[in-house]
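Quick note: numbers below take in every heavy atom, side chains included, and nothing from hydrogens, waters or symmetry partners. First listed ligand is number 1; within each ligand, the first listed atom is number 1.
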Amino acid sequence: MRMIDLIERKKQGKELSEEELCYFIEGFTGGKIPNYQAAAFLMAVCFTGMTDREIAWMTGAMARSGDQVDLSSIPGVKVDKHSTGGVGDKTTLILAPLAAACGVPVAKMSGRGLGHTGGTVDKLEAIPGFCTVMDRADFLRTVRETGVCVVGQSGNLAPADKKLYALRDVTGTVDSIPLIAASVMSKKIAAGADAIVLDVKYGGGAFMKTPQDAVRLAQKMVEIGRACGRKMAAVITNMDVPLGRCIGNGLEVAEAIEVLQGKGPADLREVCLVLAAQMLSLAGKGPADRCRQTAEEALDSGAALEKFRRMCAAQGGSSEIFAKPQSLYEKATVYQLSAPWSGYVRRMDAEACGRASMLLGAGRETADSVIDPAAGIVLCRKTGDAVKAGETLARLYTNRSDRIEEAKRKLLEGYEVGEEEPAEVPLVYKIIIE
Ligand code: URA
């Protein structure tokens, strides 16, 4: 078999066989197929696409390229949740203990921030002492004893994806539906859960810009998961506006605690309840509407918060954050951004919010940047809110006073203001179950 022949055939839009796709993935991961041939292949996929069978075959080969986690020693249906990435998306911090409080074990491997989007592992590490690195035996024991454990992805989980993603990032081949579907699902399949709920985001702050593309991506991922024997559901949610009011690692943990206390911003609570209902339902806890009620009760009774407390204790995190959540961000200096105009916030650029937060120190600009856990933004006004000139639009938290003016400018550019109140955009566009 020769890689040049595979590239030529893909360029002509022909379907490759399972054997050929395994040859590509194994050869590339093992260093036998050079980056320039892999990049040409990826670009051909961007232009001519892949059939459903090809995506499933490539995903399987990527999932088998490294460790495959065996969760069978944990009793019950293990449910995973994955978000395709957004700004202010702290749903995993809420959903993992929430599902566990409702009797569904959660053994979760999460990622770090990517570009302007935040990552769960970075958020958890804002909790002093919280450990996201565990050997496999400790990880499984913690889930058996506590019902939940969230760690970083092991270095050898789907290494083919890691290598391919790095190449896609620099060759303009990230935003291809087959490539994103294979990338996400290879990691999810290798991580071993029985059921997977996908939160597929669309809008200005997401990889998919339209709801139609998000549905197409979700359908592909659901099909791949089912072909691999997993129970699947996908929720398509809006990411034109950051979720909740906080962006930045410590601030987001504090906001997650608020939701776990039965309070917090309505949009964040709603997305969590919709996703939790699907997680519980896939785990066999009944129809989604009843599962939603169960989840609401767990938030309002404090059961989910108690589970988060136990999860933090089991993973070495300080309990001080519960008595004093402001300890998560008080090491930063706070700057106010005042509105220069009056009117309704008609639109926000979620990506600009993410980038402003990165400038303040909350995200990585290069692979080895160090994150400031206290840095970030609290949005006091979001889309649909009225504001008067001089009122606070946002509070910016940083230890980089040299960056503050640029961050303010970027954030302000992301606001569009007008006289008329904007039409409300539903948070949840569609749920794919069957
Ligand atoms: N998230 C992933 O894991 N992979 C992609 O390709 C895009 C988002």
Student: Only heavy atoms of S183, strictly under 4.0 Å: list the atoms of ligand 1 that pass.
Tutor: 2 (C), 3 (O), 4 (N), 5 (C), 6 (O)
Student: Check ligand 1 against Y165 and write out every atom of the ligand that is under 4.0 Å from a heavy-atom position of the residue.
Tutor: 4 (N), 5 (C), 6 (O), 7 (C)
Student: Check whether F28 forms a cation-pi arrangement with K163 (NZ or CZ under 6.0 Å from the six-membered ring centre, at most 45° off the ring normal).
Tutor: yes
Student: For the residue pair T132 / E125, report whether a side-chain donor-acceptor contact shorter than 3.5 Å exists.
Tutor: yes
Student: With heavy atoms of R168 as the reference, note each atom of ligand 1 found under 4.0 Å away.
Tutor: 6 (O)
Student: Say you draw a straight line from CG of L337 to NZ of K408; how long is it, rounded to the nearest 0.5 Å?
Tutor: 6.5 Å
Student: List the residues meeting side-chain hydrogen bond (donor to acceptor under 3.5 Å, both in side chains) with Y202, not counting sequence neighbours, and say none if there are none.
Tutor: N238
Student: Can an N or O of K187 be found at a distance shorter than 3.5 Å from an N or O of ligand 1?
Tutor: yes
